[in-house]
Amino acid sequence: MLRRHARTACTALAAAGLVLAGLQAGSAAAAPDDRAPHPAATGAARALGVDATRPELLRAMERDLGLTRSQALTRLTNEAEAGATAARLRQGLGGAYAGAWVDGAEAGTLTVATTRAADAEAIRATGATPRLVTHTLTALERAKEALDRSATAEAPVRYVDVRANVLVVEETRAGAGDRLVRSTGVPRALVRVVRSEQAPRPLYDIRGGDAYYMGGGGRCSVGFPITRGTTQGFATAGHCGRAGTTTSGFNQVAQGTFQASIFPGNDMAWVAANSSWTATPYVKGSGGGNVQVTGSVLQPVGSSVCRSGSTTGWHCGTVQQHNTSVTYAEGTISGVTRTTVCAEPGDSGGSYISGSQAQGVTSGGSGDCSTGGTTFFQPLNPLLQNYGLTLKTTGVDPGPGPGEPQPGGTWAAGKVYAAGDTVTYGGASYRCLQAHQAQTGWEPSNVPALWQRL
């Protein structure tokens, strides 16, 4: 391990179904570099909170993804649209679903894979491109689970590459991947073994991305400010501290105490702050500016994502795979997301955000921000759900805490919903399409990108 020492805006978004649910996938096109963005793209991006994030997000996307400001706005618009479309298709395709991803410099094309040729027409009807493949996503993920139970640090990373329709095993020692596959009985045809020169490690050493210091030594980064009832604090990585570990803030003033922590297995924790600290709905952007957080809708593979950390600041990249498993020297963690965003020691625990949607907290990775690298984040929604936390967001009253009933049915603000969950609201039943933490203004009847009426 490496240590570093020392309510209105979101209601409008929800009422529009994240603005994008009624559009066809890939319909927005980037304006040429010397022209202003297309009005539709600009309006949708503004509704997603992009304009309100100030220029830091867009500048980082320009630098790290090679985009113009117009292209960055268009990309954010298309990615939110694609996420809603992919979620609906996943529900409709059922067991034949084999994954989805976005491609193109501005993420203008959504591809949805299926093992059933008859699904192609339904996929095209949404504006997406169908891809016929051999293996279902469920089959590949079950095979990964079998490998996870026996993996060692010699085959430290396992994930489903939905683009290639294969289960990838990264090995740091020749033959380790094949030995792992043989020992578990997973069909070799499902697996591709690749060599990795560097093993991932935890990136050791109230606003998302700010530094905090552990009482026993070392520095990590704030993930996302949260509340739990009247208690304020933040979510971060589990490997940064154990329950009872005290923290001080970026200014070395006494800050709080770890309340719970999981590592390995997952990489999640939360810190309760003392009365001197107030949770804010922001992540620290480039140059210290505030980037607002409006929700926690997980974005699809291929989407842009930016990270804030106390060592290297603000960097962007793309989502490579969800539900990845990583074996560090300390043990295996599962359910993390693999990205192309760089990070270095001390960035651990820091914020990953896509547009204005919180994605997760930094776990670990390989490489650095000089040569590039691969990093992993612990998705935020499972963390919020596990500890009963409410994400701090802009312009929204979080309402009752997780699980508390509200008028109109079983839906409740503050509760984390996974894709496939069903609720009742206003006398109707709904199925969740995209994982998120519910909030006032995002009632099922208001957000067709998140809820499908049954």
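Small disclaimer: the values here were computed from a predicted structure and weren't measured. Nothing fancy with the numbering, it's 1 onward along the sequence.
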Is there side-chain contact between Lys415 and Gln437, with at least one heavy-atom pair below 4.5 Å?
no
Side-chain contact test, heavy atoms from C-beta onward, threshold under 4.5 Å: evaluate it for Leu167 versus Arg192 and give yes or no.
no
Are His436 and Trp451, when compared by the centres of their aromatic rings, separated by less than 6.0 Å?
yes
Do Asp368 side-chain atoms and Ser370 backbone N/O form a donor-acceptor pair below 3.5 Å?
yes
Write down the atom of Ala155, the atom of Thr327, and the distance for their closest heavy-atom approach.
O-OG1, 4.4 Å
Between Leu190 and Ala143, which heavy-atom pair has the shortest distance, and what is it?
CD1-CB, 3.9 Å
Taking the side chain from Ser261 and the backbone from Gly241, do they hold a donor-acceptor pair closer than 3.5 Å?
yes
Distance in Å, Leu384 CG paired with Met268 CE, rounded so as to fall on 0.5 Å steps
9.0 Å
With a 4.5 Å cut-off on side-chain heavy atoms, are Arg69 and Gln71 touching?
no
For Arg142, is the CZ atom crowded, meaning more than 12 foreign heavy atoms sit under 6.0 Å from it?
no
Calculate, to the nearest 0.5 Å, the distance between atoms OG1 and CG belonging to Thr340 and Asp64 respectively.
8.5 Å
Please verify the inter-ring angle class for Phe250 with Trp277; under 30° counts as parallel, over 60° as perpendicular, anything in between as tilted.
perpendicular
Tell me if the CZ atom of Arg173 is crowded by more than 12 foreign heavy atoms within 6.0 Å.
no
Salt bridge flag under 4.0 Å for residues Arg338 and Glu170
yes
Does Leu380 reach the side chain of Phe224, with side-chain heavy atoms less than 4.5 Å apart?
yes
Can you name the closest pair of heavy atoms from Asp161 and Val168 and give their distance?
CB-CG2, 3.9 Å
Tyr387 side chain near Ile262 side chain, heavy-atom distance below 4.5 Å:
yes
When you check the side-chain N and O atoms of Ser308 and Tyr352, is any donor under 3.5 Å from an acceptor?
no
Mind running side-chain contact (heavy atoms from CB on, under 4.5 Å) on Ser150 and Leu180 for me, showing each step along the way?
CA-CA 7 Å; Ser150 300; Leu180 174 61; 3.9 Å; yes
Electrostatic pair Glu79:Arg75 at N-O distance under 4.0 angstrom
yes
Hey, what do you get for OG1 (Thr394) to CG (Asn290), rounding to the nearest 0.5 Å?
11.0 Å
To the nearest 0.5 Å, what is the distance between CG on Leu58 and OG on Ser286?
11.5 Å
How far apart are the C-alpha atoms of Gln255 and Thr247, what are their side-chain angles, what is the distance that settles it, and do they pass the side chain to side chain donor-acceptor pair (under 3.5 Å) test?
CA-CA 5 Å; Gln255 180 189 60; Thr247 69; 2.8 Å; yes
Below 4.5 Å, heavy atoms only, C-beta onward: do Cys369 and His315 meet side chain to side chain?
yes
Closest non-hydrogen atom pair, Tyr417 against Ala438:
CE1-CB, 3.7 Å
Evaluate side-chain contact (heavy atoms from CB on, under 4.5 Å) for Cys306 paired with Trp314, printing each intermediate quantity in order.
CA-CA 7 Å; Cys306 297; Trp314 186 259; 3.6 Å; yes
Has Thr236 got a side-chain atom pairing as donor or acceptor with Ser221's backbone, closer than 3.5 angstrom?
yes
Between Gly302 and Val102, the two heavy atoms sitting closest are C-CG2, 3.4 Å
Under a 4.5 Å cut-off applied to non-hydrogen side-chain atoms, are Cys240 and Phe258 in contact?
yes
Do Asp347 and Thr362 have side-chain N/O donor and acceptor atoms under 3.5 Å apart?
no
Do Leu140 and Val166 come close enough that some side-chain heavy atom pair is under 4.5 Å?
no
Does Ala86 offer a backbone N or O that forms a donor-acceptor pair with the side chain of Gln434 under 3.5 Å?
no
Any Lys/Arg nitrogen of Arg158 or Asp148 sitting under 4.0 Å from an Asp/Glu carboxylate oxygen of the other?
yes
Run the side-chain contact (heavy atoms from CB on, under 4.5 Å) check on Val169 and Lys144 step by step: do they pass?
CA-CA 9 Å; Val169 175; Lys144 187 182 76 66; over 6 Å; no
Rounded distance (nearest 0.5 Å) linking atom OG1 of Thr390 with atom CD1 of Ile226:
8.0 Å
Polar side-chain atom of Gln357 near backbone of Ser354 as donor-acceptor pair, under 3.5 Å
no
Positive for side chain to side chain contact (heavy atoms under 4.5 Å, CB included) with Arg90, one of Val112, Leu433, Leu137:
Leu137
Main-chain N/O of Ile333 paired to Asp267 side chain as donor or acceptor, under 3.5 Å
no
Using a distance-only test with no angle check, is there a side-chain donor-acceptor pair under 3.5 angstrom linking Thr294 and Gln292?
no
For the atom pair CG (Leu57) and CG (Leu76), what is the distance rounded to the nearest 0.5 Å?
6.0 Å
Please check if the side chain of Gln259 supplies one atom and the backbone of Trp270 the other of a donor-acceptor pair under 3.5 Å.
no
Has the side chain of Ser310 got a donor or acceptor atom that lies under 3.5 Å from a matching backbone atom of Gly346?
yes
Among Val341, Thr339, Val336, which residue satisfies the side chain to side chain contact (heavy atoms under 4.5 Å, CB included) criterion with Phe377?
Thr339
Identify the heavy atoms of Trp101 and Ala113 that sit nearest to each other, and give their distance.
CZ3-CB, 4.0 Å
Side-chain donor/acceptor of Arg242 to backbone N/O of His239, under 3.5 Å
no
Val305/Ser303 under side-chain contact (heavy atoms from CB on, under 4.5 Å): CA gap, chis, key distance, verdict
CA-CA 6 Å; Val305 65; Ser303 296; over 6 Å; no
Donor-acceptor pair, distance only, cut-off 3.5 Å: does the side chain of Thr231 make one with the backbone of Thr227?
no
